[in-house]
Amino acid sequence: MPTLHLLNSTFSQASMLHADKFQHANFTKIPSWVSLKSNNFSITHRGELENVHLVSLSKQDKLKEAHDYLLHMHRFNIPVAPQSYKLLLETCSKLKSLKFGKLIHRGLTENPPDFLVNCVLEMYCACGSLSDARKLFDEMPKRSMGSWVIIISAYAGEGLLEDALESYLRMQESNFKPNPYIYICLLKSFSESSYLEIGKQMHCRVIKAGFTNNVAMNAAVCNMYVKCGHLDCAERFFSLMQEKNVVSYTTMMVGCAQAKRHDDALRYFKRMVEEDVDLDEFAFSITLKACAALVDRKMGEQAHALIFKLGLQSEVSVGTPLVDFYVKCEDVESAVGAFEEIDEPNDVSWSAILCGYSQIGDFEKCINVFKSLRSEGGVLNRFMYTSVFQVCSAFADLSMGSQAHGDAIKRGLVSYLYGESAMITMYAKCGRLDYAYRAFESMDAPDTVAWTAMIAACAHHGKASEAITLFREMQASGVRMNGVTFVAILTACSHAGLVEEAEQFFRSMSSPTIDHYNCMVDVYSRAGLLKEAFDLIKGMPLEADAMSWKTLLGGCRIHQNLEIGKAAADELLGVDPRDAAAYVLLFNMQASSGRWEEAAGVRRVMAERSVRKESGCSWISVAGEVHRFVVGDGHHARAEEVYAKLEEVGFREEEEEEEEDEVGRERKRQQLVHSERLAIAYGLIATPPASPIVVFKNLRACRGCHDFGKHVSLLTGRSIVVRDSNRFHHFTNGQCSCGDYW
DNA sequence: CTAGGGTTAG
């Protein structure tokens with residue numbers, strides 16, 4: 001190959017001559033002048049050097065320079081080799097540059113060789129201009145088999161089924177006998193169940209044409225059955241295939257993944273490894289997806305090892321699902337490691353890592369990475385906004401959330417179900433059930449997740465009857481319900497004390513999970529039916545988890561049932577000895593029934609195991625700025641005004657019927673004001689008189705502060721929303737939306 | 001000269 005040889009020698013000459021200047025010279029960084037001045041190279045044909053330069057430019061994606069140089073060659077009548085044109089056109093295809101593609105097409109000589117015309121045709125298809133492709137195709141003096149393949153493949157690839165079939169018939173009229181490639185292309189366009197019949201017909205034609213022993217052909221048939229939703233047909237066909245390759249295996253794995261049979265997908269993967277099939281990046285994409293879905297850490301790590309062995313970790317198509325796999329395994333560190341291995345991460349890779357940060361709870365990181373990606377002009381997608389909405393939900397940051405919403409609208413990245421559902425949750429968690437409703441109502445056809453998000457939003461805001469109405473509407477609309485929907489509706493019942501309704505919903509479930517049992521435990525516990533709750537845990541077919549016992553313990557605390565409470569605490573600490581909530585609840589319960597010895601014992605154990613109670617804090621966002629308060633806080637710049645306001649509204653700590661435990665006493669003694677009162681008072685002085693005050697607290701509000709909220713809403717006429725760790729409380733005119741039941 | 005499979009989510 002003279003061309004290659006010349007390029008190599010050019011390279012070595014350049015690097016030898018300028019070793020000092022070009023320490024890191026590599027193949028793609030050869031300066032353009034190098035090939036121009038080298039008259040002393042052994043050139044055999046006129047223009048060979050120029051052609052090499054042209055090819056070099058196009059291989060470096062320098063289309064503009066290449067085109068300029070092409071014009072230069074034309075001007076000096078230097079012959080341009082067909083191969084050079086081919087490479088130029090390929091670069092146009094790769095970069096999807098219709099503009100240069102057209103320019104180069106126009107610059108072609110009068111009678112270009114047939115294969116070059118096919119290259120132009122391919123370029124138009126690759127650049128997505130099927131109109132140009134069709135025009136050229138119709139005007140082509142000599143169509144080859146390749147031309148037909150290109151045009152049919154383009155139609156099929158774009159989903160233009162009719163055009164593809166028409167061309168298929170037309171080619172037969174022009175006496176071209178379709179080859180396997182034609183069928184492979186055509187089969188590709190039958191990609192949904194409504195095309196099954198025509199797909200089968202095409203399969204018959206394949207058999208009649210005698211292409212039954214073609215691996216690629218068979219993979220395409222398999223794929224057609226998979227995409228048309230007939231995995232069983234695909235499997236039968238697959239098992240009859242004599243020869244199988246990566247593509248056919250990958251196709252089957254995709255089919256299994258679609259049918260959520262991820263373990264079957266992995267079985268195919270194992271077979272592929274056993275049979276020593278050459279694996280490629282596509283095979284690993286789907287394998288990792290299955291590992292992620294199953295959270296099969298072991299399998300995923302083995303796949304990762306194999307990937308490393310084959311050096312495929314730098315491929316986006318492998319690295320991205322690898323990131324997702326580690327995210328699903330809740331191992332962000334490995335996810336970040338996998339991400340950093342990717343050579344050219346795309347927006348999918350970025351959204352996978354953003355999702356990782358948000359799922360794991362590193363909200364700060366998530367939002368910062370998103371912001372820098374955005375400011376650097378990176379490609380953004382809707383998945384990213386979903387993660388951003390999750391962060392805003394977690395921060396309960398309405399200001400950031402609505403900004404993100406606006407930003408997403410501007411970029412046209414919001415009108416899709418997932419993002420909208422995340423938005424419902426975001427607005428609800430920011431305390432704006434009204435906005436959540438608006439987001440929900442703006443959806444044309446809410447799906448399972450959207451309905452569920454809306455029901456959960458009502459549940460958390462204590463709107464049980466609205467939740468139930470929505471649930472009925474959802475049923476009537478025919479949208480499928482899932483386990484999460486039932487968690488939402490049971491939560492709604494639980495927050496409103498609707499025991500019978502909850503029992504009804506629960507009974508209507510075919511296979512409740514531990515989450516649903518725990519919801520029922522919560523329903524009974526809150527309603528004071530502690531015996532029922534305890535019996536339910538004891539009798540359920542699933543093993544109780546920490547949540548089961550914690551929920552029961554919470555109920556025992558509210559209803560002062562020391563006996564069951566102790567049993568629950570023992571069980572809870574058996575499951576998770578480091579659960580601070582268990583100790584705190586147990587301590588409070590012992591203390592409030594005057595068992596100081598036992599209470600002190602609980603504290604001692606806590607200290608021994610160095611379990612620390614989470615300290616309470618409340619915050620309020622005013623004009624986009626978050627103001628945070630802790631118990632008895634005096635650090636705020638307007639602290640004096642805050643305390644003065646508290647005096648003014650006149651609902652002091654002493655007046656309440658406080659919890660009589662030791663903690664409560666200490667607090668009383670020290671006259672420390674609970675953080676949520678400080679935040680509410682700040683809201684009163686810092687926001688306009690008519691606007692609602694929305695306060696957030698990391699722990700549950702106590703009864704005294706709950707009464708305080710009611711009192712202030714009556715006194716000032718303001719609407720006050722308090723979100724504690726459990727739910728939302730809407731205080732208006734001295735009443736709370738929870739009906740004092742929570 | 002012509003083709004086939006894949007990854008992100010509430």
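Chain letters run A, B, ... following the sequence lines, proteins first, then strands; residues in each count from 1.
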Asks: Check this for me: does any side-chain nitrogen of one of A:Glu166 and A:Arg170 sit under 4.0 Å from a carboxylate oxygen of the other?
Replies: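 Salt bridge between A:Glu166 and A:Arg170, a charged N being under 4.0 Å from a carboxylate O: yes.
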
Asks: Please list, one pair per line, the donor and acceptor atoms closer than 3.5 Å that link side chains of residues 253-261 of chain A to other protein atoms, with sequence neighbours excluded.
Replies:
residue  : atom : partner  : partner atom : Å
A:Arg261 : NE   : A:Asp264 : OD2          : 2.7
A:Arg261 : NH2  : A:Glu235 : OE2          : 2.8
A:Arg261 : NH2  : A:Asp264 : OD2          : 3.2

Asks: Closest approach to the side chain of A:Ser285, judged atom by atom: which nucleotide of B:dG5, B:dT7, B:dA3 is it?
Replies: B:dT7

Asks: According to a strict under-4.0 Å criterion, is A:Lys289 in side-chain N/O contact with OP1 or OP2 of B:dT8?
Replies: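 For B:dT8, OP1 or OP2 has a side-chain N or O of A:Lys289 closer than 4.0 Å.
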
Asks: Taking any heavy-atom pair under 4.0 Å as a contact, classify A:Glu315: base, sugar-phosphate, or nothing.
Replies: nothing

Asks: Would you indicate what A:Ala220 reaches in the nucleic acid, counting non-hydrogen atoms under 4.0 angstrom: base, sugar-phosphate, or nothing?
Replies: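 No contact.
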
Asks: If I take atom CE in residue A:Met140 and atom C1' in nucleotide B:dC1, what distance separates them, rounded to the nearest angstrom?
Replies: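 Result: 11 Å.
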
Asks: Nearest to the side chain of A:Thr320, heavy atoms from C-beta on, is which of B:dG4, B:dT7, B:dC1?
Replies: B:dT7

Asks: Could you tell me how far apart A:Gln258 (CD) and B:dT7 (C1') are, to the nearest whole angstrom?
Replies: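 These atoms are roughly 14 Å apart.
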
Asks: Between C1' on B:dT2 and CG on A:Leu89, what's the gap in Å once rounded to a whole number?
Replies: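 These atoms are roughly 16 Å apart.
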
Asks: Figure out the CE/P separation between A:Met145 and B:dA3, and round it to whole Å.
Replies: 12 Å

Asks: Which residue pairs pass the side chain to side chain donor-acceptor pair (under 3.5 Å) test with at least one member in residues 280-291 of chain A, sequence neighbours excluded?
Replies: none

Asks: Using a cut-off of less than 4.0 Å, is there contact between a side-chain N or O of A:Lys227 and OP1 or OP2 of B:dG5?
Replies: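 No.
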
Asks: Round to the nearest Å and state the distance from A:Phe115 atom CZ to B:dT2 atom C1'.
Replies: 14 Å

Asks: Pick base, sugar-phosphate or nothing for A:Glu122, based on heavy-atom distances below 4.0 Å to the nucleic acid.
Replies: sugar-phosphate

Asks: Counting the atoms with a prime plus P, OP1 and OP2 as sugar-phosphate, which does A:Val246 contact under 4.0 Å by heavy atoms, base, sugar-phosphate, or nothing?
Replies: base

Asks: Roughly, in whole Å, what's the span from CG in A:Asp343 to P in B:dT7?
Replies: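 Checked: the CG to P distance equals 21 Å.
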
Asks: Counting the atoms with a prime plus P, OP1 and OP2 as sugar-phosphate, which does A:Asn346 contact under 4.0 Å by heavy atoms, base, sugar-phosphate, or nothing?
Replies: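 Answer is nothing: A:Asn346 stays at 4.0 Å or more from every strand.
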
Asks: Indicate, with a heavy-atom threshold strictly under 4.0 Å, whether A:Asn118 touches base, sugar-phosphate, or nothing.
Replies: nothing

Asks: Is there a donor in the side chain of A:Tyr183 and an acceptor in the side chain of A:Tyr168, or the other way round, less than 3.5 Å apart?
Replies: yes

Asks: Has the side chain of A:Ser93 got a donor or acceptor atom that lies under 3.5 Å from a matching backbone atom of A:Ala126?
Replies: no

Asks: Quick one: A:Asn214 CG to B:dT2 P, roughly how many Å, whole number?
Replies: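 Answer to the nearest Å: 17 Å.
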
Asks: Checking all strands, does A:Asn381 fall into the base, sugar-phosphate, or nothing category for heavy-atom contacts under 4.0 angstrom?
Replies: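 Contact class for A:Asn381: base.
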
Asks: Between B:dT7, B:dG5, B:dT2, which one does the side chain of A:Val149 approach most closely?
Replies: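 Between B:dT7, B:dG5, B:dT2, the one nearest the side chain of A:Val149 would be B:dT2.
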
Asks: When all nucleic acid strands are considered with a 4.0 Å heavy-atom cut-off, which category describes A:Asp280: base, sugar-phosphate, or nothing?
Replies: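 The residue A:Asp280 makes base contact.
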
Asks: Assess whether a salt bridge exists between A:Glu90 and A:Lys94, defined as any Lys/Arg side-chain N lying under 4.0 Å from an Asp/Glu carboxylate O.
Replies: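 No, this pair does not count.
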
Asks: For A:Phe282 and B:dG5, is the gap between ring centres under 5.5 Å while the planes differ by less than 30°?
Replies: yes

Asks: For the base of B:dT8, is there a side-chain donor-acceptor partner from A:Ser351 under 3.5 Å away?
Replies: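 By the distance-only test, yes, there is a pair.
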
Asks: By nearest atom, which of the nucleotides B:dT8, B:dG5, B:dA3 is closest to the A:Val348 side chain?
Replies: B:dT8

Asks: Reckon A:Val247 touches a base, only the sugar-phosphate, or nothing at all at heavy-atom distances under 4.0 Å?
Replies: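 Touches a base.
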
Asks: I need the CG-P distance between A:Leu116 and B:dT2, as an integer number of Å.
Replies: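 It is 12 Å, rounded to the nearest whole Å.
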
